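In what follows, a single structure is set out as structure tokens and then discussed.
Here is the naming used below: chain letters follow the sequence lines, and residue numbers restart at 1 for every chain. Here the structure is a predicted model, which means the values were calculated and not measured.
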Amino acid sequence: MTKNKTKKTTYGKKDKLKKRIKHKLKKTVESYSDDPVKLKEMDDLVKELTKLDTIKCEVEEADRFKRYFSKSENVEDMPENAADICAGPLGIDEFEHIVEIADDTQIEETIDDKIGEIKSALKNSRVVIVQGNTGCGKTTKIPRMLMDEYRKIVCTQPRRLAAISVARKVAGDVGCDLGSKVGYTVRFDDKTSSKTRLKFATDGVLIKEIYSKQVRLMHSHRKKKNMKKIAGYDLIVIDEAHERTVNIDFLLGFIKRALQSEKARTRLLIMSATLNTERFVEYFQCPLVTIKHRSYNIEYFYLKYDCDDYLSVCIRTAQAIIERERDGDVLVFLTGQDEIERAHFILSGKLSGADVVILKLFSTMPPEEQDLVFQHSARKIILSTNIAETSITIENIKFVVDSGVFKAKRYYACNAIDSLDLIEISKAQAKQRAGRAGRTQPGKVFRIYSYSRYLQMADNPMPEILRSKLHSTVLSMKSLGITDVENFDFIDAPSLESINQAELFLYYIRAIDKNGVITDFGRELANIPLEPETAISLVAAKRIGCLNAVATISAFLEYQTPFLELRSDHPEYRRYKSARSYFSHPKGDFYSFLVIFYSWEQSKFSFGFLRKNFLNIKTMVQILNVRAQILRLFPHCSDTSLSIERAFCTGFFMKAAKISENGYKTIFGDVECYIHPRDGLLSAHPKYVVFYELFSLKNEYMGHCLEVLLSDLQEPINRFVAK
DNA sequence: GAGCACTGC
């Protein structure tokens, strides 16, 4: 294993630095006032404290991203089978037709052919990887066929819906009731029993299971016997491993570590789509079993040039397909709601006479409208975000138009800002998008980028762990006894900056001690299924006596918005606007959430109320569940106080901002920002606010704000300084 | 003043 860590920060060094700065900081805070000079002084100190030079860090981080994406391949390396270039059948000169002959489309292998190989590989190796494309049936067949070799099996899925529907299908195949021999566990829904031998679960559930088994173990005397199996399983199957979510990466690292023990008895099977399995093989040094699966033929068309205005070309291409090809539905991959609405408007005009329906698909739209894509109707053009890449599968797509870009959130540790960036897709994503055609019939894919640009794309998307905030991940790792996070053997190790920032934060809030070991308070936080800041606020709320209100708001904060997103051309737009402003509280989103919840409660949680007020039913039910889950963690609490500001300041004091000449400035980090225009607090111009998140669009915005008093902020800041 | 992709405990 190679470690390319050059810098190693020790707690001892950090401690000394902090002692010195804290002394100065304390003096500053004691005289903390509106004096701009003093405030500036404090900001400087905080910057020194976090040891993050913003500009340098930004450059480094941008560099890191660039390096990741420009895994350059020589443009001249055109494969021989790509030499067949001709004008596309659409007659659009702009495209070149490139025939790619993928060898895995020519031979058909079934799981039955391969299961013997998988079984014997698992006998000889603790870890085995199976690669096969979607549609080969690996998820539904392999775990079931391994039931006669392994007594207790868990198979993880990245999404709740997938875990539930796969479990249902497999229970049917086995011929048992769901929840007996085969079952599933997802948050808020458990269909398993003591008889369950094959369980499908989300990866987050497995992590929680590992955690609670470990806690139980600490109080048990049968330590040695139990250590042999991870969470009591004989076989752990990690499905869709190519998606590389934070949870998957952490599970793989954790299990790899656990399996290094001689006594370990659990086996690990990793299932992944093709293309990036080499990474897993390299990481685990283990055998790979490939299942070749035939799909229908897909023809590829590339743009002859690279263009900036991919949206217009996507629209023109979709139009040309409808006009020149006799039948077949079209799926267009765009980046966001705004683009989709524009494309919808333009295409509706251009194709007004044609017998075609133009549909939109993104996550925050009303579910009834989403369901239209599944209905049998006239010929369809579906304008979708990357929700159609993995989460939603639409049958009968014959044509795919691929813009080559998507939007993704990236966390910049240097200034603690989330930025939603337009990012070029990877080859793996291009393949995934293309595969959405050709599921049920031969298909054609129009790539709105040139072949040479395709060759330059990275092989795989950047793993989530390299672009997200690690505060809560590091906290869970610490709670599992992993103290040395910097040297944890991840497949792709996150930057030292983001690990250090997370550790420093956890240290400030006393979740870990100066040796990096979790404290009792940290354990309490880790047990609350929310971001650490929110979890701290809850613990404070219990003390202050406003737990119910804070729990309600916290549940809302977990979701971006409880509302549906309607555009100004929607027939019900005026009613929608007035519903939104009715619930918009002048003291900001935090209070708006309370108003929404109590109004819903008054309606006895009726769905009619939600529909009437354009609230997202799915989201609101989740919020209700989360709220109940939180309240179960804090039994026998009744509200005696309304100081939710004090409670939230305890958790969010690092996310506070003060009004400035033309907007706000964060107290820690000195970031110029605005209250998001959607927030009810916008017109009140409060002097101090705390915010849930800071994100970057054209400007920096604070999402979900709460007006607070300086005195509310002072106590937690003083406490943190006095440590 | 100006509008955010998708998941999960």
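Among the protein residues, A/E209 comes within range of no part of the nucleic acid, since none of its heavy atoms lies under 4.0 Å from any strand. A/R159 comes within 4.0 angstrom of sugar-phosphate atoms only, judged by non-hydrogen atoms across all strands, and of no base. Using a 4.0 Å heavy-atom cutoff across all strands shown, A/E558 reaches at least one base atom of the nucleic acid. At a threshold of 4.0 angstrom between heavy atoms, the contacts of A/T245 with the nucleic acid are absent. Using a 4.0 Å heavy-atom distance criterion, A/N386 is classed as a sugar-phosphate-only contact. Within the 4.0 angstrom heavy-atom criterion, no nucleotide atom of any strand lies near A/V246. Nucleic acid contact class of A/N699 (heavy atoms, under 4.0 Å, all strands): sugar-phosphate only. At the heavy-atom level, A/I387 lies under 4.0 Å from the strands shown only through sugar-phosphate atoms.
A search for side chain to side chain donor-acceptor pair (under 3.5 Å) contacts involving A/D402 returns A/R433, A/Y449, not counting sequence neighbours. Residues meeting the side chain to side chain donor-acceptor pair (under 3.5 Å) test with A/S472, sequence neighbours left out: none. Qualifying ring pair (Phe, Tyr, Trp, His ring centres under 6.0 Å) partners for A/F505, counting only residues two or more places apart in sequence or in other chains: A/H471. For A/K577, there are no salt bridge (Lys or Arg N to Asp or Glu O under 4.0 Å) partners at least two apart in sequence or on another chain.
In summary, the aromatic rings of A/F614 and A/Y576 are positioned with their centroids under 6.0 Å apart.
Protein chain A touches strand DNA chain B; the 5'-most and 3'-most nucleotides with an atom under 4.0 angstrom of its non-hydrogen atoms are B/dG1 to B/dC9.
Residues A/H685 and A/F362 both approach DNA chain B. Their nearest nucleotides, taken by heavy-atom distance, put A/H685 toward the 5′ side.
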Can you list, pair by pair, the side-chain donor-acceptor contacts under 3.5 Å of residues 618-628 of chain A, counting residues two or more places apart and other chains?
residue	atom	partner	partner atom	Å
A/T619	OG1	A/N616	ND2	3.3
A/N625	ND2	A/V621	O	3.4
A/R627	NE	A/T552	OG1	2.8

